[in-house]
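Notes for the one structure printed next.
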2 protein chains.
Amino acid sequence: MSENGRGPAPRAVSRRRSATRAVTMADVAQAAEVSTQTVSRALRDPRSVGPETLARIEKAVRETRYVQNYAASHLASNRSMTVAAIIPTISTSIFAETIQGLTDVLLPEGYQVFLGHTDYTTAREEALVRSLAGRRPDGFFIIGTKHTQEATDILKRTGVPVVESWSWTPRPIDLLVGFSNAAAMMEVVDHLVARGYRRLTFAGMIKPGDHRAKDRLKGFLDAHGRHFPGVEPRVVTTTSGPMVMEAGVELLERVRRDHPETDAVVFASDVLASGALLKCAALGVRVPQDLAITGFGNYDIAAHLVPGLTTIAIASRTIGMEAARLLLRRMQGEEVAARMVDVGFQLLARGST
Amino acid sequence: MSENGRGPAPRAVSRRRSATRAVTMADVAQAAEVSTQTVSRALRDPRSVGPETLARIEKAVRETRYVQNYAASHLASNRSMTVAAIIPTISTSIFAETIQGLTDVLLPEGYQVFLGHTDYTTAREEALVRSLAGRRPDGFFIIGTKHTQEATDILKRTGVPVVESWSWTPRPIDLLVGFSNAAAMMEVVDHLVARGYRRLTFAGMIKPGDHRAKDRLKGFLDAHGRHFPGVEPRVVTTTSGPMVMEAGVELLERVRRDHPETDAVVFASDVLASGALLKCAALGVRVPQDLAITGFGNYDIAAHLVPGLTTIAIASRTIGMEAARLLLRRMQGEEVAARMVDVGFQLLARGST
DNA sequence: CTGTTAGCGCTTTCAA
DNA sequence: TTGAAAGCGCTAACAG
């Protein structure tokens with residue numbers, strides 16, 4: 001325990017910082033009677049060393065319980081084998097699906113994922129980008145295509161591939177895996193109009209940094225203007241609070257109070273729509289006869305509600321997987337054929353309309 | 001562009017690996033006309049350098065667009081400022097809440113979170129622990145208390161704090177933030193019996209590595225044996241497939257076919273219970289008159305279903321936040337008062353029983 | 001197939 | 001308050 005028991009004349013002054021010296025590659029090399037270089041090679045590509053040497057090294061690794069230090073590896077090789085992922089919030093299962101898809105593809109290739117969430121604020125996003133850039137990830141994955149100038153600059157200067165997602169833009173920072181939220185919403189409106197609904201109201205939670213929600217509203221307004229020129233569009237929104245079903249209930253109540261003539265409510269998310277749909281059942285409002293309801297996202301619940309919820313299905317997991325594949329190709333030095341991937345969307349017409 | 005234009009006699013042979021040399025602390029130091037030491041100090045503790053020096057350094061940082069390299073920092077200081085988090089799956093919103101809580105507390109303190117998921121297999125968990133250990137995180141967060149011997153060994157030998165969670169054990173590896181799944185399930189059974197139900201059936205998805213689901217089944221069996229000694233407990237399970245409402249629908253169908261006498265179905269998760277409850281509405285099965293249904297987790301949907309779903313509420317986000325606080329204290333060298341935190345659970349009796 | 005050398009970019013230690 | 005030297009644990013480059 002005593003820190004002083006080192007003896008009188010420690011030749012090369014010990015500059016150790018860690019108390020319990022960890023096993024290093026040098027220890028393995030010594031145990032296997034090879035150089036550290038050979039150990040390094042054996043770990044990265046077992047076929048690059050002789051079979052007997054390899055066996056000795058593997059034995060040494062086991063016996064010394066060696067765990068490679070990636071920080072040192074990273075510093076020496078300039079490859080961190082990590083990918084930074086930036087999402088608005090983890091608690092929305094639909095982004096979780098995307099992250100799951102991302103990690104499902106990246107982990108088997110040896111990449112680890114750093115995760116950060118912005119809570120839908122661009123300021124937090126910028127801080128996160130800066131902080132994550134300091135980890136020198138080999139790639140970035142980020143939800144959204146609108147960022148602060150500073151964040152965009154940092155992302156561009158990292159020199160590593162960047163995938164933006166879940167939106168669409170003609171000029172991505174680098175790579176893009178997304179779809180047009182506006183176009184999807186237009187399709188919802190077209191569908192409602194085709195089914196005979198005429199008094200549509202948009203209801204959504206639009207946080208300051210949530211450009212996907214804004215695009216959906218924009219799509220609604222565009223389509224509404226196209227179908228009902230001159231008619232003032234009905235819009236009910238909240239700008240804060242957790243994205244939970246209760247918010248949908250509250251939005252429904254505001255729609256019924258402020259726009260009682262509404263015959264169809266276009267929600268910006270399945271979460272909100274589900275809350276509203278269930279509330280309708282409790283209130284005795286018949287869906288879709290008295291009121292049609294649409295959602296966005298095709299969450300698990302949408303197909304199970306009674307009636308089923310008409311919504312837009314997004315290939316959430318696919319976005320993550322496709323993004324991972326693009327990143328992998330780039331991180332391995334290959335070129336990608338298409339820098340922009342449109343995963344599209346699909347209108348699922350169910351009983352609620 | 002030419003790689004050859006270096007001239008004939010490059011004195012000290014360049015051993016650069018990165019093509020575009022990134023801005024380093026030395027560049028900042030040069031621009032600010034101080035040593036790298038001073039820059040380093042200024043970045044870590046601005047008050048440790050003179051105000052004029054600080055101003056020059058801050059200016060230099062801005063002008064050079066310097067982004068600190070944490071890998072080098074990590075290697076030199078032996079602190080990575082990261083925490084590794086291991087969860088069964090990201091796509092289950094209830095774990096996402098926990099991760100959100102964890103990051104909400106850790107990010108402001110400068111820690112970043114590495115995320116990995118095991119898909120409920122202990123083999124993948126072990127691989128993940130090994131891999132994440134190589135990143136030398138300053139702390140581990142892991143869902144569950146049952147691990148392979150090897151994974152346990154690695155976690156113990158890292159020398160950093162480890163928080164296990166979402167279960168209960170008298171002998172955690174290090175720290176514990178959890179609750180007893182079995183006790184929670186017993187309370188569900190007690191509640192049903194008190195309400196007059198006598199023919200209970202357990203229905204759940206029990207994946208091989210999901211010890212929390214197993215504990216819930218165990219709790220059911222214990223309570224069932226206590227209330228109905230000698231009566232064979234009814235249990236319907238699946239062992240694979242995605243945890244979605246459809247699985248709940250299928251379990252419900254099996255319960256109705258194999259155990260038609262059932263008057264209450266005890267589901268191991270709200271997801272399953274919700275699917276079943278909605279299916280009951282579609283089938284015309286009255287809940288709770290014909291069949292009572294209970295869930296587990298108190299997902300957002302539970303309170304909005306009609307009737308409301310009786311379930312066990314878990315402080316999912318709190319688990320993450322509490323774990324983060326324990327880790328922080330330990331990572332900052334302080335002792336923690338209580339190594340084991342029981343966050344408990346709460347039975348929420350709603351209309352479905 | 002294997003070893004030697006230098007260095008990745010930062011922080012610790014020690015000295016001024 | 002600031003600086004000089006050393007080294008964290010690994011890998012690239014080169015040589016054999």
Side-chain angles (χ1 to χ4, degrees), chain A residues 3 6 10-30 32-57 61 64 66-81 134-136, chain B residues 3 6 10-30 32-57 61 64 66-81 134-136:
Chain A
E3 296 275 324
R6 281 188 196 143
R11 283 280 276 295
V13 173
S14 169
R15 291 187 176 276
R16 290 237 136 273
R17 295 94 186 235
S18 50
T20 58
R21 191 174 162 317
V23 178
T24 71
M25 197 176 268
D27 299 320
V28 177
Q30 189 171 27
E33 297 181 293
V34 292
S35 71
T36 58
Q37 198 42 237
T38 306
V39 176
S40 175
R41 272 193 287 261
L43 293 177
R44 275 173 297 148
D45 181 11
R47 295 166 315 174
S48 67
V49 299
E52 288 185 14
T53 317
L54 181 59
R56 283 214 313 284
I57 291 173
V61 166
T64 58
Y66 174 64
V67 177
Q68 172 143 27
N69 185 331
Y70 290 119
S73 168
H74 172 181
L75 190 58
S77 68
N78 204 30
R79 302 207 314 151
S80 64
M81 297 302 286
R135 304 279 169 193
R136 299 292 192 272
Chain B
E3 296 275 325
R6 280 188 196 144
R11 283 281 276 293
V13 174
S14 168
R15 292 188 173 274
R16 290 238 137 269
R17 296 94 185 235
S18 51
T20 58
R21 191 174 164 315
V23 177
T24 71
M25 197 176 268
D27 299 320
V28 177
Q30 190 172 25
E33 298 181 293
V34 293
S35 71
T36 59
Q37 254 2 274
T38 308
V39 177
S40 174
R41 271 192 289 259
L43 293 177
R44 275 172 298 145
D45 181 10
R47 296 165 313 174
S48 67
V49 299
E52 289 184 15
T53 317
L54 180 59
R56 284 214 312 285
I57 291 173
V61 165
T64 56
Y66 174 64
V67 177
Q68 156 110 275
N69 185 331
Y70 291 121
S73 166
H74 173 180
L75 189 58
S77 68
N78 205 28
R79 303 206 316 151
S80 64
M81 298 301 284
R135 305 277 168 195
R136 300 290 192 273

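In the text below, chain A, chain B and the rest are named by the order of the sequence lines, each starting its count at 1.
In this view, A:Ala26 and A:Thr24, A:Thr36 satisfy the side chain to side chain contact (heavy atoms under 4.5 Å, CB included) rule, not counting sequence neighbours.
Listed by first and then second residue, the salt bridge (charged side-chain N to carboxylate O under 4.0 Å, His left out) pairs that reach into residues 44-56 of chain A are A:Asp45-A:Arg47, sequence neighbours excluded.
Picking from C:dG3, D:dC10, C:dG9 the nucleotide with the shortest atom distance to the side chain of A:Ala72 gives D:dC10. Listed nucleotides: C:dT12, C:dG3, C:dG7. Nearest to the side chain of A:Ala76: C:dG7.
Interface residues of residues 44-52 of chain A facing DNA chain D, ordered by number: A:Arg44; criterion, heavy-atom separation under 4.0 Å.
Between B:Ser40 and C:dC10 there is no side-chain N or O to OP1 or OP2 distance below 4.0 Å. In this model, the phosphate group of D:dA6 is not approached by any side-chain N or O of B:Gln37 to a distance below 4.0 Å at OP1 or OP2. A close approach under 4.0 Å does not occur between any side-chain nitrogen or oxygen of B:Thr36 and OP1 or OP2 of C:dT11. Taking side-chain N and O atoms only, B:Tyr66 has a distance below 4.0 Å to OP1 or OP2 of C:dC10. Contact check, B:Ser35 against D:dG3: a side-chain N or O comes under 4.0 Å of OP1 or OP2.
Atom CG in B:Asp27 sits roughly 9 Å away from atom P in C:dG9 (whole-Å rounding). Distance B:Asn78 CG to C:dT13 C1': 15 Å, rounded to the nearest Å.
Comparing A:Ala26 and A:Arg41 by the nucleotide of DNA chain D that holds the closest heavy atom to each, the one mapping nearer the 5' end is A:Ala26.
Closest approach of B:Arg136 and A:Gln68 over heavy atoms only: NH1-O, 3.1 Å.
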